[in-house]
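Below, read A as the first sequence line, B as the second, and so on, with proteins coming before strands; counting in each chain starts at 1.
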Amino acid sequence: MEPFFAARGIEAAYGRLQVLWGVDLELQQGEVAVLLGSNGAGKTTLLKALMGLRPLLQGEILLGGQHVERLRPDLRVQRGIHYMTELGVFPNLSIDENLQVGGFGLPRHELRRRIDELYETFPDLAKLHSASAASLSGGQRKMLGVAKAVVVPPRLLLMDEPSAGLSPRFVGEVVAVLRNLRENGPTMLIAEQNVKFLEIADRAYVLDGGRISFRGTVQELEADDAVRQAYFGVGGH
Amino acid sequence: MLYALIAGVLFGLYYALIGLGLNLTFGVLRMVNLAHGDFVMIGGFAAVTAFSAWHLHPLWSLVLVAVLIFAVGIALYYVLVPRIAATKDPEMISLVLFFGLSQVIEALAVMRFGNNAQSIYEPVFGKAPVSILGQPFPAVWVVSGLVSLLALLLVYLYLYRTRIGYSTRAVMASREEAEVSGISVHKVSAIAFAIGLGLAAAAGALAPFMLGGITPDLGVGLTVTAFAVIVLGSLGNPIGTVAGGLIYGIALMLMQTYLPSWSALLPYLLLLLVLLVKPSGLFGRQVRSA
Ligand SMILES: Nc1ncnc2c1ncn2[C@@H]1O[C@H](COP(=O)(O)OP(=O)(O)OP(=O)(O)O)[C@@H](O)[C@H]1O
Ligand SMILES: [Mg+2]
């Protein structure tokens with residue numbers, strides 16, 4: 001079966017330094033995949049390449065059978081690929097403004113309705129709606145990042161280390177939010193070093209030195225000795 | 001003293017108007033438009049010429065030239081910026097290109113208008129002074145101050161009350177984050193850049209009254225002044241520019257009153273002072289990521 005999302009033979013570089021080598025990824029509709037990899041493995045670069053922020057040396061990217069690798073980032077957003085970066089929000093905008101920007105393409109009344117829905121899901125954000133995003137705690141900022149990424153429901157949601165800089169309690173909260181998000185299903189690819197995210201994943205990839213060194217289901221991953229040592233040894237369950 | 005303060009506020013609003021456009025451009029593009037002052041000069045010559053040729057009131061010239069230069073700005077953006085952005089060292093290239101543009105505009109102005117100062121000598125805003133708190137001021141200063149205030153307000157409403165304004169501020173925070181949020185970064189930036197030039201030209205239409213005669217070499221000095229104003233108020237922060245303009249205007253008026261021979265140095269002195277004391281500007285956050 002033709003997968004919902006496929007990236008094939010992705011190669012990317014910074015100047016002469018090539019950091020991705022023939023990366024292949026596939027996701028079925030509604031699937032959640034975690035992309036593990038240590039610092040410098042190339043996770044961010046891969047997401048940026050999928051989003052069109054880094055040019056490809058090689059490779060193709062298909063969403064719903066259509067090529068997107070030549071599209072500008074904002075046009076990929078129009079196709080339904082959303083990207084929650086590590087920053088995730090605009091610190092100089094208020095929460096409400098962040099959400100409005102997240103819903104850039106929506107008509108005004110629909111945007112308002114969507115934002116009110118999100119405020120019901122994220123009551124913390126509703127309370128602080130006119131506060132600037134810079135004033136939020138790390139955890140709240142991630143919540144806003146998630147909310148902003150789903151104002152327009154994505155078809156594919158790419159996330160870069162949603163746990164970065166969060167205390168374990170907040171990581172738990174983010175995982176819970178993503179678990180809820182899963183229910184009504186965007187396909188998700190989450191770049192992470194924290195194995196807690198495997199709880200909500202169907203599938204895992206491990207990126208090592210710019211190459212995929214493991215691919216499989218979460219169960220297969222947990223049974224893999226090399227991976228266990230690398231990630232579960234330090235990270236803990 | 002009171003007189004100098006009030007005059008300072010009027011001129012301060014005007015200088016804020018001159019600075020604001022440069023800061024908008026810097027905010028969205030992270031490039032300093034070294035030709036900014038030349039668009040003020042263009043606005044000045046346009047007003048002078050329209051007045052001598054058709055007796056067109058400078059406030060009409062202001063509106064017309066602002067709209068016209070806005071359109072020019074959109075075109076200029078698409079000609080220059082994507083090319084600059086595609087180079088290896090966009091910051092350096094942008095400086096060189098905008099400097100070149102400034103030189104070209106100045107040379108063309110010399111060919112068309114010569115090197116002599118031109119101005120509007122008729123009292124188009126009436127002869128009677130306007131009294132503020134018991135102090136008499138030339139009507140044209142008050143009009144210019146109010147017009148500047150209005151323009152600043154409109155820009156504020158654009159940036160803080162419209163969706164495209166939010167997107168503009170989003171681009172100012174991070175082009176990359178803006179792109180992946182689905183914003184058409186080029187469209188938003190082109191509009192901001194064009195508004196910036198339009199504001200410069202609008203300020204130019206008032207320049208015959210606020211700055212005296214218009215000469216083709218006016219641009220360079222005005223760019224420096226505009227730069228001082230926005231560094232004072234912090235680069236990339238449009239609200240800070242208004243504060244920067246007011247401080248600049250008041251300082252200028254105080255100096256012209258008490259230390260007239262030093263006042264030409266003011267922009268440089270203020271720049272130095274800010275860079276030494278608080279490089280992020282008086283209204284800057286601690287660190288701005290570029
Ligand atoms: N802007 C850049 N210029 C040059 N090299 C870069 C740049 N960004 C990343 N790299 C290099 O590319 C490689 C992959 O970096 P990348 O940021 O994709 O890794 P990562 O897996 O996201 O790491 P982390 O977990 O630390 O976020 C690293 O070797 C890094 O040094
Ligand atoms: Mg990374």
Side-chain angles (χ1 to χ4, degrees), chain A residues 15 44 47-55 71-108 111-112 115 130 132-135 144-145 147-152 154 157-160, chain B residues 23-24 26-28 30 78 81-82 85-89 156-192 233-241 280-281 283-290:
Chain A
T44 300
L47 295 185
K48 286 185 173 179
L50 296 179
M51 205 58 212
L53 289 173
R54 291 298 314 167
L71 297 178
R72 267 186 356 224
D74 54 316
L75 299 177
R76 294 189 204 196
V77 177
Q78 281 181 19
R79 294 289 181 90
I81 308 181
H82 293 192
Y83 178 27
M84 182 178 145
T85 62
E86 271 189 88
L87 176 63
V89 303
F90 298 107
N92 59 338
L93 301 191
S94 72
I95 291 174
D96 211 69
E97 290 166 346
N98 263 285
L99 295 176
Q100 298 215 32
V101 169
F104 191 66
L106 291 180
R108 185 176 299 273
L111 178 62
R112 202 60 252 173
I115 291 179
S130 55
S132 97
S135 70
L144 178 58
K148 167 172 160 284
V150 301
V151 176
V152 179
L157 179 54
L158 310 175
M159 283 189 244
D160 198 358
Chain B
N23 209 5
L24 277 178
F26 181 81
V28 292
R30 302 279 143 186
Y78 283 103
V81 176
T87 60
K88 278 232 168 66
D89 188 356
Y156 175 83
L157 290 177
Y158 176 74
L159 289 175
Y160 289 84
R161 292 287 179 274
T162 70
R163 282 172 75 186
I164 185 148
Y166 303 157
S167 305
T168 309
R169 283 158 56 223
V171 172
M172 289 180 177
S174 161
R175 277 181 92 77
E176 194 171 285
E177 184 71 34
E179 260 186 304
V180 301
S181 301
I183 295 172
S184 343
V185 173
H186 277 310
K187 187 173 120 193
V188 164
S189 308
I191 295 173
S234 108
L235 284 169
N237 175 352
I239 306 255
T241 300
S280 58
F283 302 88
R285 293 191 207 91
Q286 275 312 306
V287 185
R288 287 194 63 90
S289 53

Handout entry: Close side-chain approach of Thr85(A) and Val180(B), heavy atoms under 4.5 Å
Key = yes

The residue among Asp96(A), Asn98(A), Val101(A), Leu99(A) that forms side chain to side chain contact (heavy atoms under 4.5 Å, CB included) with Tyr166(B) is Val101(A)

If one checks every heavy atom of Val152(A) against chain B at 4.5 Å, the contacting part turns out to be neither

Cut-off 4.5 Å, heavy atoms of chain B, and the answer for Leu75(A) is neither

Heavy atoms of Phe104(A) and Ser167(B) approach each other most closely as CE1-OG, 3.0 Å

Sorted by chain and number, sequence neighbours left out, side chain to side chain donor-acceptor pair (under 3.5 Å) with Asn23(B) holds for Thr241(B)

Self-check item: Side-chain touch Arg108(A)/Arg163(B), heavy atoms, less than 4.5 angstrom
Solution: yes

Of Lys148(A), His82(A), Met84(A), Arg72(A), the largest count of non-hydrogen pairs under 4.5 angstrom with chain B goes to Lys148(A)

Next on the checklist: Just so I know, are the side chains of Phe90(A) and Arg169(B) near enough to count as touching, which here means a heavy-atom distance under 4.5 Å?
Outcome noted: no

Correct closest heavy-atom pair for Val77(A) and Glu179(B) would be CG2-O, 4.0 Å

The interface call for Leu53(A) against chain B, heavy-atom contacts under 4.5 Å, is side chain

Problem - Side chains of Tyr83(A) and Ser181(B) in contact at under 4.5 Å (non-hydrogen atoms) - result: no

